[in-house]
Amino acid sequence: MPIEIRMPALSPTMTEGNLARWLKKEGDEVHSGDVIAEIETDKAMMEYEAADEGRLGKIIVPEGAQGVKVNEPIALLLEEGEDASSLEGHADAAPAVEPAPREEARPESPAPPEPKTEPAPAPVARPAAAAAASVATAAAPAPQPRENGRVFASPLARRMAHHAGINLAAIRGSGPQGRVVKADIDRALSNGTVATAAHAAPDARAPDARAPGLPRPAPPAPPPTSLDGAPHFTEKPHSSMRRVIARRLTEAKQTVPHFYMTVDCEIDELLRIRKVLNAADEALNVSVNDFVIRAAGLALRQVPAANASWSDDAIILWERADIAMAVALEDGLITPIIKGADGKGLAQIAAETKDLAARARSGKLKLDEFQGGTFSISNLGMYGIREFAAVINPPHGCILAVGSGMPRPVVKDGQLAVATVMSCTLSADHRVVDGAVGAQFLGVFKRLIDEPARMLL
């Protein structure tokens, strides 16, 4: 009996995924551990390894399909001795998936009725105009299916077509059951191959004032799409990652009682030591962020009450500092983890952070490399941000926001001086970390950053 290959849950928050690419085709031999497909989860692009052996008999969900529910069958695997006849009666219909990003459903005002026009008398043919008309006819897509003469289109697409003067009947819809959606209108406006309602046929009521045989001037370009007088806009469908970020951060701000504490760290000595270390070993390339991770790990070891998480039954005190660092992606962020940062030196931390960041941006992280952690760090110093407060990533009890090191006036021994100062703000969950504990953590962290030689021991 064929084995069903089902959409896996590749992260704890995953409820559906996109089948980006099949790496095996029907008829290929599959061995346990073979990578058979690439799945886009709510966090990253991940490889799907086969758990069974056999021959790929039928692909149920094609590559490129979006919104495939977890545990839905996506393919059938034939066991030894089975042939194609064994597939009969199995997964005759593919699960409901989306071949392209969905247009978000939202309340819309009723679509304006499509204008009814009387057939215009046939105009006198002009050579140039006739040639242009034939080209436009060849380039225009076939009319989209309709029932009782009605064109299927979303309310947003209808309003955009109405404002831009586009003839909906000349557009082939790419939505479900041939429905015209916003992307189809955008495509029509950009390529200019679809006739507009105003220029679908020559207007017999407006005779051409030019001499016969001369081409008509090109019609003016349609104005930018604008709804109810609003400025032109485009819509970017939500990715799975963006939906999860929105849900988790909303949950964090609604349920976690944040409080914030900021310290200013002088980093001139840290910059000097960093320069010496990197000059001694060109392959090392320690960053300021590597010092920050090392200092945070050591501070969590000295103030273990700050390395904690909330649960309904108890406060969880972690015995190891697994520090998650925020890495910006094109459509969100991901937090790869430096495990046991409190027990690793600068060289090891520097090597791990560069490797994890590179694989995070290419979508090659393993599940255990970005799930979990006990403490978070978000560094926006490279963008010139002086100071900010980050949102806690549950179940972490704290997140440290790191700003840019900037020359600022400071007072030393009663005298005004200039130092490179870096502001760091701790966002803490008050259910877990009290103000005094947060202050102790920041005190140890600041001392390590101000005196980085302590981190070299």
Side-chain angles (χ1 to χ4, degrees), residues 261-308 318-327 335-357 373-382 387 390 396-408 410 412 419-428 433 437-457:
M261 312 174 80
T262 302
V263 292
D264 291 331
C265 305
E266 296 183 17
I267 62 171
D268 292 288
E269 180 63 12
L270 184 151
L271 295 175
R272 186 190 70 79
I273 291 180
R274 172 177 177 260
K275 184 177 180 180
V276 170
L277 291 175
N278 290 339
D281 186 353
E282 293 182 359
L284 188 58
N285 194 19
V286 177
S287 68
V288 172
N289 199 55
D290 297 328
F291 279 93
V292 170
I293 293 171
R294 168 72 169 157
L298 292 174
L300 290 172
R301 180 194 291 177
Q302 295 185 43
V303 188
N307 193 29
W318 302 102
E319 296 181 358
R320 187 178 71 185
D322 289 355
I323 296 182
M325 62 173 186
V327 174
T335 52
I337 301 165
I338 297 88
K339 297 180 180 179
D342 54 324
K344 294 178 178 177
L346 282 168
Q348 188 174 359
I349 289 175
E352 286 191 22
T353 56
K354 289 170 182 58
D355 173 63
L356 288 170
T374 66
F375 186 95
S376 301
I377 290 177
S378 179
N379 190 340
L380 294 179
M382 67 288 294
E387 179 183 338
H396 299 177
C398 299
I399 183 170
L400 185 67
V402 182
S404 178
M406 300 177 177
R408 300 188 209 170
V410 297
K412 293 185 177 181
T420 306
V421 178
M422 179 177 71
S423 294
C424 298
T425 300
L426 182 72
S427 302
V433 176
V437 174
Q440 292 171 22
F441 168 83
L442 285 179
V444 176
F445 174 82
K446 173 177 167 58
R447 187 160 59 249
L448 290 167
I449 294 294
D450 289 348
E451 304 172 26
R454 295 172 177 266
M455 289 187 273
L456 304 180
L457 301 177

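The first residue in the sequence is number 1, and the count goes up from there. Keep in mind that this is a model prediction, so the values were computed, not measured.
- For Glu387, there are no salt bridge (Lys or Arg N to Asp or Glu O under 4.0 Å) partners at least two apart in sequence or on another chain.
- Looking at residues two or more places apart in sequence or on another chain, you find a side-chain contact (heavy atoms from CB on, under 4.5 Å) between Asp322 and Arg320, Ile337, Lys339, Thr374.
- Taking the side chain as every heavy atom from C-beta outward, Cys398 and Val433 approach each other to under 4.5 Å.
- In this structure, Asp264 CG and Ile449 CD1 are separated by 13.0 Å, a value rounded to the nearest 0.5 Å.
- Applying the salt bridge (Lys or Arg N to Asp or Glu O under 4.0 Å) criterion to Asp268, with sequence neighbours excluded, gives no partner residue.
- With rounding to the nearest 0.5 Å, the separation of OG in Ser378 from CD1 in Ile399 is 5.5 Å.
- Exactly one of Lys354, Arg274, Lys344 qualifies for a salt bridge (charged side-chain N to carboxylate O under 4.0 Å, His left out) with Asp290. That residue is Lys354.
- With sequence neighbours excluded, the residues forming a ring-ring contact (aromatic ring centres under 6.0 Å, His included) with Phe375 are Phe441, listed by chain and number.
- The two residues Ile273 and Ala453 make their nearest non-hydrogen contact at CD1-N, 4.0 Å.
- Using modelled atom types, one side-chain atom of Asn278 and one backbone atom of Val286 make a donor-acceptor pair closer than 3.5 Å.
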Step by step, would you call Asp342 with Ile323 a side chain to side chain contact (heavy atoms under 4.5 Å, CB included)? CA-CA 9 Å; Asp342 54 324; Ile323 296 182; over 6 Å; no

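- For Ser427, the side-chain hydrogen bond (donor to acceptor under 3.5 Å, both in side chains) criterion is met by no residue, not counting sequence neighbours.
- The structure places CE of Met382 at 7.0 Å from CG of Leu380, a figure rounded to the nearest 0.5 Å.
- Counting heavy atoms from C-beta on, the side chains of Ser423 and Arg408 come closer than 4.5 Å.
- Note that CG of Leu356 and CD1 of Ile349 are 11.5 Å apart. Values are rounded to the nearest 0.5 Å.
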Set out, in order, the CA-CA distance, both residues' side-chain angles and the distance that settles side chain to side chain contact (heavy atoms under 4.5 Å, CB included) for Arg272 and Val276, then state yes or no. CA-CA 6 Å; Arg272 186 190 70 79; Val276 170; 4.3 Å; yes

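- Taking the side chain as every heavy atom from C-beta outward, Asn289 and Ile377 approach each other to under 4.5 Å.
- For the pair Arg301 and Gly343, the tightest heavy-atom approach, listed with the atom from each and the gap, is NH2-CA, 3.7 Å.
- Met455 and Leu448 make their closest contact through CE-O, 3.3 Å (heavy atoms, listed as atom of the first residue, atom of the second, distance).
- With rounding to the nearest 0.5 angstrom, the NZ atom of Lys412 is 4.5 Å from the CD atom of Glu266.
- Looking at Leu400 and Phe445, their side chains come closer than 4.5 Å, going by heavy atoms from C-beta outward.
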Would Val444 and Leu298 count as a side chain to side chain contact (heavy atoms under 4.5 Å, CB included) if you check the C-alpha gap in whole Å, the side-chain angles of each, and the deciding distance to 0.1 Å? CA-CA 8 Å; Val444 176; Leu298 292 174; over 6 Å; no

Check step by step if side chain to side chain contact (heavy atoms under 4.5 Å, CB included) holds for Met422 and Leu270. CA-CA 11 Å; Met422 179 177 71; Leu270 184 151; 5.8 Å; no

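- Between Cys424 and Val402, the shortest heavy-atom distance links the atoms SG-CG1, 4.1 Å.
- Among all heavy-atom pairs drawn from Ala341 and Ile293, the shortest one is CB-CG2, 4.1 Å.
- In terms of heavy-atom proximity, Ala357 sits nearest to Met325 at N-CE, 4.1 Å.
- Applying the side-chain contact (heavy atoms from CB on, under 4.5 Å) criterion to Lys275, with sequence neighbours excluded, gives no partner residue.
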